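Presented below is the structure to which this report refers.
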Amino acid sequence: MMKKILALMLVIASASMCWAGVEKLEDLRTAKIGLLSGSSTEVTIHEFLDGKTENVSEYETFASLINALKEGKIDAAVMDLSPATYFAKEDKAIKILDQFLKNEDYGIAFKKGNPLKAEVEKALSEIKADGTLSSIIAKYRTDYVDPEAIDYNLEAKNGYLWMGCDAAFPPYDIKTAYGFVGVDIEICAAIAKKLDRTLIVADYTFKTLPMALNDGRIDMICSAFRITDERKTTMDFTEAYASDFEAVVVLSK
């Protein structure tokens, strides 16, 4: 009996020695990976793993993804660098690898053929040119933003601008007890002001945003939404307004 126990202990110890955790991108090929359901990271991981995604799990929120990592259900969480930085700053139990999977551009998405896209794109170009866009992005690197300070242009004359987002995507889209904040929220507020519309923020999961757009429940998706060739087949995009990298988050040693 003792020999069997010792043999089992040796097997466990050997397995532990073989698996040293995710320390570089190549380690992902033999790791248990978690990612946000409905995000473009699914495509990136599918390509990186050559379609062998049996060890990939999807989670509805970043919070549940990070919890799965900390509970040992996955070995690595793959997500955009900006939210990864946000969570790593708040939680010293996790860290970000210094290697990134892919660069990605974010754009505002519309249902195919929606003429509103041209109006929004013009307004987006204007806030790029006058420095509004860059100042919004810079603000969220350091400052606390009061939700009540964001101008939704409530007295607008041209109706509403319905923006869909996943408001659990810091620093781009965040739902607080006092309202919404984030890079995307303020960009769309600035665009709504240009169009003299009142901004309405509708909170969905990443997975359900395309359905909400297609069903006409929202006018556009603005939620750190990556421009991809696959999405272009069913949606129209503005030019990119920001870019980021796909990062790998692991447990700190």
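Keep in mind that what you see is a predicted model, and the values were worked out from it rather than measured.
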Worksheet entry | Residues in salt bridge (charged side-chain N to carboxylate O under 4.0 Å, His left out) contact with Glu26, at least two apart in sequence or another chain | Arg29
Practice prompt. Apply side chain to side chain donor-acceptor pair (under 3.5 Å) to Lys207 and list each qualifying residue two or more places apart in sequence or on a separate chain.
Written response: none
Practice prompt. Would you tell me whether Asp130 and Thr132 have side-chain atoms, one donor and one acceptor, within less than 3.5 Å of each other?
Written response: yes
Discussion item. Going by salt bridge (charged side-chain N to carboxylate O under 4.0 Å, His left out), name the residues that satisfy it together with Asp151, two or more places apart in sequence or in a different chain.
Written reply: Lys193
Item to complete: Quick one: closest heavy-atom pair of Val250 and Ala76, and the distance?
Response: CG1-CB, 4.1 Å
Discussion item. Please enumerate all residues that pass side chain to side chain donor-acceptor pair (under 3.5 Å) together with Ser134, with sequence neighbours excluded.
Written reply: none
Fill in: Check: Glu121 side chain, Glu239 main-chain N or O, donor-acceptor pair, under 3.5 Å
yes
Worksheet item: So which heavy atom on Leu209 is nearest to which on Cys165, and how close?
Response: CD2-N, 3.5 Å
Practice prompt. Quick one: closest heavy-atom pair of Val183 and Ile136, and the distance?
Written response: O-CG2, 3.8 Å
Item to complete: Could I get the full list of side chain to side chain donor-acceptor pair (under 3.5 Å) partners for Tyr241, not counting sequence neighbours?
Response: Asp184
Item to complete: Determine, for Lys112 against Asp236, whether the closest basic-nitrogen to carboxylate-oxygen distance falls under 4.0 angstrom.
Response: yes
Worksheet item: Can you list every side-chain hydrogen bond (donor to acceptor under 3.5 Å, both in side chains) pair that touches residues 164-176, not counting sequence neighbours?
Response: Asp173-Ser223
Worksheet item: With sequence neighbours excluded, what pairs up with Phe62 under the ring-ring contact (aromatic ring centres under 6.0 Å, His included) test?
Response: Phe169
Indicate every side-chain donor-acceptor pair of residues 89-101 with a distance under 3.5 Å to a residue at least two apart or in another chain.
{"residue": "Asp91", "atom": "OD1", "partner": "Ala93", "partner atom": "N", "Å": "3.0"}
{"residue": "Asp91", "atom": "OD2", "partner": "Lys70", "partner atom": "NZ", "Å": "2.6"}
{"residue": "Gln99", "atom": "OE1", "partner": "Leu25", "partner atom": "N", "Å": "3.0"}

Worksheet item: So, Asp215 and Arg217, do they make that salt bridge, N to O below 4.0 Å?
Response: yes
Worksheet entry | Which residues share a ring-ring contact (aromatic ring centres under 6.0 Å, His included) with Tyr160, sequence neighbours left out | none
Fill in: Sequence-distant partners of Glu148, salt bridge (charged side-chain N to carboxylate O under 4.0 Å, His left out), two or more places apart
none
Fill in: Residues which pass salt bridge (charged side-chain N to carboxylate O under 4.0 Å, His left out) with Glu47, listed by chain and number, not counting sequence neighbours
Lys102
Response to the item:
Contacts of Asn214 meeting side chain to side chain donor-acceptor pair (under 3.5 Å) (sequence neighbours excluded), chain-then-number -> none
Worksheet, complete the sentence: Taking every heavy atom of Met235 against every heavy atom of Pro210, the minimum-distance pair comes out as CE-CB, 3.7 Å
Worksheet item: Can any side-chain N or O of Asn153 pair as donor or acceptor with the backbone N or O of Leu199 at less than 3.5 Å?
Response: no
Worksheet item: What pair of heavy atoms forms the shortest contact from Leu35 to Ile45, and how long is it?
Response: CD2-CG1, 3.8 Å
